[in-house]
Protein chains: 2
Amino acid sequence: MARPRAKGLSRRRKGDVATDRAVYDTIRRAMLMGRLLPGTKLAEPALARVLKVSRERVRKALHRLVHEGWLEAVPNRGTFVPALTVEEVREIYDVRTMLETAIVSRLCAGHGPPEAQRLKAHVGEERIAVRNDDRGRLFGLSGEFHVLLAELCGNEQLSKLLRGLLTRSTMHFSQAAPERFHNCAGPHDHADIVKAILARDTKKAAKLMLDHLLGLAEWQSAWRPPSTPVGIEEAFRGLSAVKRPA
Amino acid sequence: MARPRAKGLSRRRKGDVATDRAVYDTIRRAMLMGRLLPGTKLAEPALARVLKVSRERVRKALHRLVHEGWLEAVPNRGTFVPALTVEEVREIYDVRTMLETAIVSRLCAGHGPPEAQRLKAHVGEERIAVRNDDRGRLFGLSGEFHVLLAELCGNEQLSKLLRGLLTRSTMHFSQAAPERFHNCAGPHDHADIVKAILARDTKKAAKLMLDHLLGLAEWQSAWRPPSTPVGIEEAFRGLSAVKRPA
DNA sequence: TGTCGGAATAATGTGCACATTTGAAATCGA
DNA sequence: TCGATTTCAAATGTGCACATTATTCCGACA
């Protein structure tokens with residue numbers, strides 16, 4: 001039929017899944033960088049204006065983030081950055097304890113040379129980060145350690161589940177200024193756990209993981225995130241959805 | 001401003017979240033009833049026509065179901081009923097084993113009279129269902145038993161997680177004709193597990209749960225769902241999104 | 001002066017109109 | 001007759017317009 005287009009521009013690409021990912025990643029990155037504090041409202045028009053995308057894209061990304069537990073949606077009100085209660089943090093670490101003690105037990109029973117190699121490599125990287133006092137890298141590695149343990153079990157469902165739990169429990173860490181991240185006990189605990197796994201000492205490994213998570217939960221529960229909301233424009237300053245400055 | 005509406009009808013209620021839930025529940029119910037076989041395509045116009053709702057509502061419900069793992073979306077192709085592989089089933093039951101053995105251990109260590117009462121009540125209901133040969137009720141109760149154990153731990157995160165795992169692992173059961181559901185070992189296993197919990201025998205309870213899940217996984221993996229797709233119209237015959245015949 | 005109430009404004013929610021893409025039927029050629 | 005190419009219809013994806021809802025602001029009244 002070749003009908004002439006009514007409005008002017010609208011150069012529309014095909015199933016542009018790349019832009020969707022970019023918007024989603026940008027918002028998530030802003031949260032990981034600690035720029036979005038609990039209580040902040042993510043208004044759709046403001047986000048669309050700042051990220052230079054249409055409102056529908058923002059809406060879709062927000063819905064996805066809500067489904068994944070990063071944000072909270074109130075009907076007819078908007079989407080907000082959630083404030084995890086100490087009870088929620090305790091519950092999340094409780095579930096993590098159940099899963100991760102089982103994981104280290106599993107790894108003690110059945111791991112081979114390649115798994116041992118990856119564990120030792122990760123501990124080495126953490127040690128380097130500590131030596132260089134690279135807080136940002138250490139922050140990322142500390143979380144990835146737990147994901148690595150899950151992945152070494154060779155269970156994709158388990159990895160996905162633990163990854164979701166980690167994002168929720170590290171949200172607090174992110175909401176604190178991540179450049180101030182300092183966890184001297186973390187890398188040392190990780191090294192001990194790996195040592196126990198390599199020695200196939202199941203009881204010791206499980207106990208170390210239990211104590212490690214208990215310590216993390218206690219330290220995290222003691223800290224309360226600030227509650228002064230910040231504007232959207234300044235929160236996303238320097239971040240862009242269309243071009244990755246990476 | 002009171003601008004006259006362009007088109008005729010469109011009597012739109014307020015933030016109608018009830019319709020959204022109805023559409024979502026209807027599709028989910030059709031899956032639980034085993035009417036949607038793996039490989040079936042859930043086309044949006046067909047669903048909208050059958051359920052008597054707009055396409056956007058269907059679209060939103062489908063997106064949610066995709067995100068929760070009930071369905072699979074292929075870009076520009078459509079939404080399909082997934083076919084779980086035996087490997088996925090094995091992995092899901094592996095994760096469930098980790099969580100649920102920890103749950104029964106937890107319950108052995110710390111449960112009071114109200115928890116004991118609810119456990120005994122559930123076992124009683126299952127016994128009644130077995131006596132009456134009520135397959136549908138037994139099918140529901142068998143799943144709820146595991147959710148009940150998680151809820152008795154008083155951990156909301158744990159309950160939500162296990163609920164998601166259950167929906168995925170029971171999808172196979174649903175895809176078999178549920179009226180043919182017959183699990184003579186299930187209720188008996190459940191009664192034994194409850195007995196061990198009430199006796200606070202941690203090792204025995206964990207072992208019983210482990211064997212129970214192992215048996216379920218083995219039985220479930222042995223069975224392969226049929227792969228003859230069925231039309232949308234007949235799959236949703238009798239089901240409605242606007243009025244619940246319940 | 002403080003509070004209650006209504007109007008203006010901004011934001012959310014949703015139906016609708018196309019553009020793009022896919023799948024398959026139809027047509028053509030060997 | 002079979003295979004490859006073209007054509008066409010249906011489905012998916014997305015921007016847009018507008019109704020509905022919440023919030024804010026401002027003035028009247030006690």
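The structure presented is a predicted model; accordingly, all values stated were derived computationally and were not measured. Scope of the values below: all heavy atoms of this structure, side chains included, with no hydrogens, waters or symmetry mates. In the text below, chain A, chain B and the rest are named by the order of the sequence lines, each starting its count at 1.
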- Message: Expressed as a whole number of angstroms, how long is the span from Leu62(B):CG to dG13(D):P?
- Response: 10 Å

- Specify the separation, in whole Å, of atom CZ of Arg55(B) and atom P of dC18(C). 14 Å

- Task: Starting at atom CG of Leu47(A), determine the distance to atom P of dA10(C), rounded to an integer number of angstrom.
- Result: 18 Å

- Contacts of type ring pair (Phe, Tyr, Trp, His ring centres under 6.0 Å), residue Phe145(B), not counting sequence neighbours: His122(B), His190(B)

- Query: Among all residues two or more places apart in sequence or in another chain, which pass the side-chain hydrogen bond (donor to acceptor under 3.5 Å, both in side chains) test with Arg96(B)?
  - Reply: Glu100(B), His146(B), Ser169(B)

- Could I get the full list of side-chain hydrogen bond (donor to acceptor under 3.5 Å, both in side chains) partners for Arg168(B), not counting sequence neighbours? none

- Rounded to whole angstrom units, what separation is found between the CD atom of Glu56(B) and the P atom of dT14(D)? 13 Å

- Rounded to whole angstroms, how far apart are CG on Asp20(A) and C1' on dT12(D)? 14 Å

- With heavy atoms under 4.0 Å as the rule, sort Glu44(B) into base, sugar-phosphate or nothing. sugar-phosphate

For nucleotides 22-25 of chain D, print each protein N/O atom paired with a nucleotide N/O atom at under 3.5 Å, atom names and distance only.
| from | atom 1 | to | atom 2 | distance (Å) |
| --- | --- | --- | --- | --- |
| dT23(D) | OP1 | Arg77(A) | NE | 2.5 |
| dT23(D) | OP1 | Arg77(A) | NH1 | 3.4 |
| dT23(D) | OP1 | Arg77(A) | NH2 | 3.1 |

- OP1, OP2 of dT12(C) versus side-chain N and O of Arg59(A): anything below 4.0 Å? no

- Message: Is it the case that atom CZ in Arg118(A) sees more than 12 heavy atoms from other parts of the structure closer than 6.0 Å?
- Response: no

- Message: What is the distance, to the nearest angstrom, from the NE2 atom on His63(A) to the C1' atom on dG13(C)?
- Response: 9 Å

- Query: Excluding sequence neighbours, so at least two apart, what forms side-chain hydrogen bond (donor to acceptor under 3.5 Å, both in side chains) with Glu125(B)?
  - Reply: Arg137(B)

- Task: Kindly write out the residues that satisfy side chain to side chain contact (heavy atoms under 4.5 Å, CB included) with Asp94(A), not counting sequence neighbours, or none if the list is empty.
- Result: Arg90(A), Arg106(B), Asn155(B)

- Query: At under 4.0 Å, does any side-chain N or O of Arg57(A) touch on OP1 or OP2 of dG13(D)?
  - Reply: no

